[in-house]
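Remember, predicted model here, so these are calculated numbers, not experimental data. The sequence lines fix the lettering, A, B, ..., with proteins before strands; numbering per chain opens at 1.
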Protein chains: 2
Amino acid sequence: MAMSGTDLSRMRELNQLSVLWALRGNAPSTVTEIAGRTGLSRPAADVLVQQLVTDGWAEVEEPGASSTVGRPARRYRFRAGAGHVLGIDIGVHKILVMLCDLEGNLVQSLRRPADPRASPDERLASVDQTIDDVLREAGMAPADVWAVTVGVTGPVDERGRTSIATSLPGWREADPVAHLRARFTCPIQVENDCKLAAVAERWKGVAQDADDIVYLLAGLRTGAGLIIDGTLRRGYGGVAGEIGALKAVRWLNAPEHLATCPGVPSGAKPSEAAAWVFQAARDGDSAAKTAVQRYIRDLAIGVAALVLTLDPQIVVYGGGFSRSADLVLDPLRRELAKHCLRVPELRASTLSDEGVALGGLRLALDQVDNRLLSGQLAAPVAPQFS
Amino acid sequence: MAMSGTDLSRMRELNQLSVLWALRGNAPSTVTEIAGRTGLSRPAADVLVQQLVTDGWAEVEEPGASSTVGRPARRYRFRAGAGHVLGIDIGVHKILVMLCDLEGNLVQSLRRPADPRASPDERLASVDQTIDDVLREAGMAPADVWAVTVGVTGPVDERGRTSIATSLPGWREADPVAHLRARFTCPIQVENDCKLAAVAERWKGVAQDADDIVYLLAGLRTGAGLIIDGTLRRGYGGVAGEIGALKAVRWLNAPEHLATCPGVPSGAKPSEAAAWVFQAARDGDSAAKTAVQRYIRDLAIGVAALVLTLDPQIVVYGGGFSRSADLVLDPLRRELAKHCLRVPELRASTLSDEGVALGGLRLALDQVDNRLLSGQLAAPVAPQFS
DNA sequence: CTGAATAATGCTATGCACTTTACTAAATCT
DNA sequence: AGATTTAGTAAAGTGCATAGCATTATTCAG
């Protein structure tokens with residue numbers, strides 16, 4: 001534990017950040033409110049916030065009609081529009097690009113279908129196109145983007161490669177970071193889709209109140225993302241949560257119970273087949289009910305392994321099958337009770353298929369925050385390089 | 001993320017702590033060295049360290065014969081003896097009590113055999129006796145102890161109870177915290193033995209260089225302790241790491257392969273049987289080699305589940321069987337390679353059976369540190385209550 | 001419409017903690 | 001004995017936060 005001494009300038013820096021944090025995420029605030037929130041004196045808060053205004057981090061709102069007695073106060077607001085970040089979901093069937101400001105408000109979002117068999121080059125070209133459209137509609141240039149996070153399937157190493165495995169054809173050789181660096185000078189990171197979806201659930205989803213979360217991606221693929229003590233758990237080699245690789249955990253085969261269920265319309269695509277089975281089970285078809293039951297039983301073993309290892313507060317059931325959570329949650333809870341010492345709360349995701357891009361936005365915002373906390377609080381401009 | 005403003009007095013407090021940290025764990029230091037280590041100016045370091053001396057946290061060492069040119073410097077040293085902490089291992093077969101000072105130097109250590117069938121009252125009485133002996137031999141009173149950590153088997157809840165399960169007979173009803181509070185007014189915490197052993201490996205064992213560690217307790221019982229991002233992972237309900245509860249993980253039965261190995265001397269106690277099998281395997285006995293192989297194969301499934309979930313840097317092989325690490329490590333590594341995406345480094349523990357008590361010391365010291373960091377830096381006295 | 005009450009702003013004086021600089025003290029080396 | 005090196009100490013300077021007071025802008029009551 002190395003602590004280093006603090007001096008006056010560092011103290012001012014910390015107080016400046018403290019004021020910035022007090023502004024962000026709150027309605028436009030008077031100096032008195034800021035002073036109260038930060039614990040600083042009013043004069044101190046005053047000069048600090050004025051410095052933020054001249055630096056471009058905050059802006060003044062001159063007093064309008066006041067509803068209370070006394071001299072109406074100037075209000076200051078965080079200039080959320082000073083910078084923006086991108087969250088990009090490169091999926092098998094779709095590409096989703098989201099743009100938000102520094103406060104996390106969604107500014108622009110664009111979705112574009114993708115051919116599951118598209119080559120990496122074609123897919124990246126489509127990503128480029130979508131980014132262009134988003135930026136154009138938002139009236140912004142690449143230099144206005146402060147951080148980019150990309151979500152892809154499969155384990156991601158620290159250089160942003162998915163060389164171990166991925167469902168995107170040819171993607172093991174792809175280098176999305178290098179590709180995007182041609183256009184963006186800001187930090188670019190690539191992350192696994194389950195991990196990003198987990199982050200999104202804690203940010204805007206059903207797990208905002210928890211610090212220890214297992215996110216379960218349930219769909220034609222099965223995967224997991226872990227949040228421990230409030231931070232995303234990547235693992236020493238970036239492959240944390242890949243419990244599905246264990247043969248004793250039948251995650252690879254679990255969705256097959258749905259695909260091979262008797263009665264599935266012939267010629268149906270896998271995703272259609274699964275949807276059909278869930279609906280049939282809802283309608284009382286006994287073969288479908290058995291198939292769902294078997295799926296849940298297999299799914300539960302892997303979830304139990306994660307839960308027993310981590311003892312999380314919440315398990316979030318997300319992914320393509322989360323629309324059928326009404327059929328899954330209760331039986332899954334019963335299965336977990338058989339295996340686990342303590343059954344965590346089970347919740348269904350509500351972010352539909354936007355979780356990955358949303359999580360990307362959150363991670364990009366975290367990147368910006370870290371720069372503010374570590375580096376000095378300079379005027380708001382996009383950081384260079386990654 | 002709530003940040004609160006800093007003022008001058010808080011700044012001084014931080015700098016004071018910074019100097020304290022710079023003293024602790026280093027040889028007696030001159031003011032110039034302290035200034036260099038903390039980044040403070042020499043006059044600032046001077047007044048701060050002198051304040052620490054008057055408060056009782058540090059002491060002066062007047063200059064003796066100097067070996068270098070120039071005026072010899074006064075040296076200041078952390079007064080490690082200002083306080084002490086206890087680490088207690090309440091095991092099935094033994095009770096081990098360790099006492100160390102604030103710098104973590106072992107002051108006194110005492111071991112006492114325990115009857116596996118002893119009742120909780122008998123066991124606690126033996127603990128009391130051992131504590132008395134340790135304190136007496138160290139010339140200390142209970143009031144000199146600043147924190148106590150106790151290690152027991154089984155999952156521990158936040159109140160220090162092991163109501164779910166434990167190998168200590170009758171212990172599910174025991175309340176060691178309440179018992180010890182009759183004697184100590186300082187904070188007392190109870191923790192699972194595997195978790196403490198994991199902490200010890202990172203402090204004084206073979207995993208000092210790692211932040212992400214899976215500690216494997218391999219013996220007649222099998223268990224695990226997890227360290228993630230450098231901190232002990234307890235889990236939301238305190239049952240993290242209990243992967244052995246999963247039936248698909250054959251940890252409960254794994255040691256039976258050793259007990260039921262043909263050729264084991266009849267009438268041998270389980271621990272003797274295991275030792276015999278390992279030695280026979282070393283000597284080339286093929287039945288014993290098969291038994292060990294089966295044991296490792298079963299063990300590996302649970303380890304693989306932990307490793308796939310967490311992707312740690314290191315797996316430490318500890319517990320009673322760690323003396324046979326020469327037979328286990330290589331085959332275990334090969335088994336893991338079959339299951340895992342990335343095989344972590346595998347190391348054998350060298351702390352023999354002192355890991356639990358050592359980990360207890362470390363956690364007690366952490367408790368003291370946290371008090372220093374959060375509360376103000378008062379004169380060194382034992383904290384009251386927990 | 002005028003004056004009192006209220007609440008925010010702006011300014012000045014004060015105090016605190018650290019840094020810089022300069023000077024004195026105590027040892028070794030030539 | 002004098003030069004050199006390093007430690008300790010004192011004084012001046014800087015930057016920041018706080019406290020208190022005067023000022024300003026608005027509402028409310030008569």
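- In terms of phosphate contacts, B:Arg12 brings a side-chain nitrogen or oxygen within less than 4.0 Å of OP1 or OP2 of C:dC18.
- Between the CG atom of B:Leu8 and the P atom of D:dA19 there is a distance of 12 Å, given to the nearest Å.
- A salt bridge is absent between A:Glu158 and A:Arg234: the closest approach of a Lys/Arg side-chain nitrogen to an acidic carboxylate oxygen does not fall below 4.0 angstrom.
- The side-chain hydrogen bond (donor to acceptor under 3.5 Å, both in side chains) search around A:Glu354 returns none, not counting sequence neighbours.
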### Message
What does the B/S/- profile of nucleotides 7-13 of chain D look like, 5' to 3', with a 4.0 Å heavy-atom cutoff to protein?
### Response
BBB----
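- To the nearest angstrom, P of C:dA17 lies 10 Å from CG of B:Leu48.
- Residues B:Arg42 and B:Asp46 are not paired through a salt bridge, judged by the lack of any N-O separation under 4.0 Å between the basic side chain and the carboxylate.
- Spacing between atom CE of A:Met11 and atom P of D:dG15 amounts to 13 Å, rounded to whole angstrom units.
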### Task
Let me see the working for B:Ile34 and B:Asn26 under side-chain contact (heavy atoms from CB on, under 4.5 Å), right down to the final yes or no.
CA-CA 10 Å; B:Ile34 295 168; B:Asn26 285 103; over 6 Å; no
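- Side chain of A:Asp144 to main chain of A:Ala141: a donor-acceptor pair is present (N/O by atom type, distance under 3.5 Å, no hydrogens or angles).
- Per the geometry, CD belonging to A:Glu61 stands 13 Å off P belonging to C:dT9, to the nearest Å.
- B:Ile213 has its side chain out of reach of B:Glu201: every pair of non-hydrogen atoms, C-beta onward, lies at least 4.5 Å apart.
- Between the CD atom of A:Gln51 and the C1' atom of D:dA17 there is a distance of 16 Å, rounded to whole Å.
- Protein atom CD1 of A:Ile34 is 14 Å distant from nucleotide atom C1' of C:dT9, rounded to whole Å.
- The shortest distance between the side-chain N/O atoms of A:Asn15 and the OP1/OP2 oxygens of D:dA17 is below 4.0 Å.
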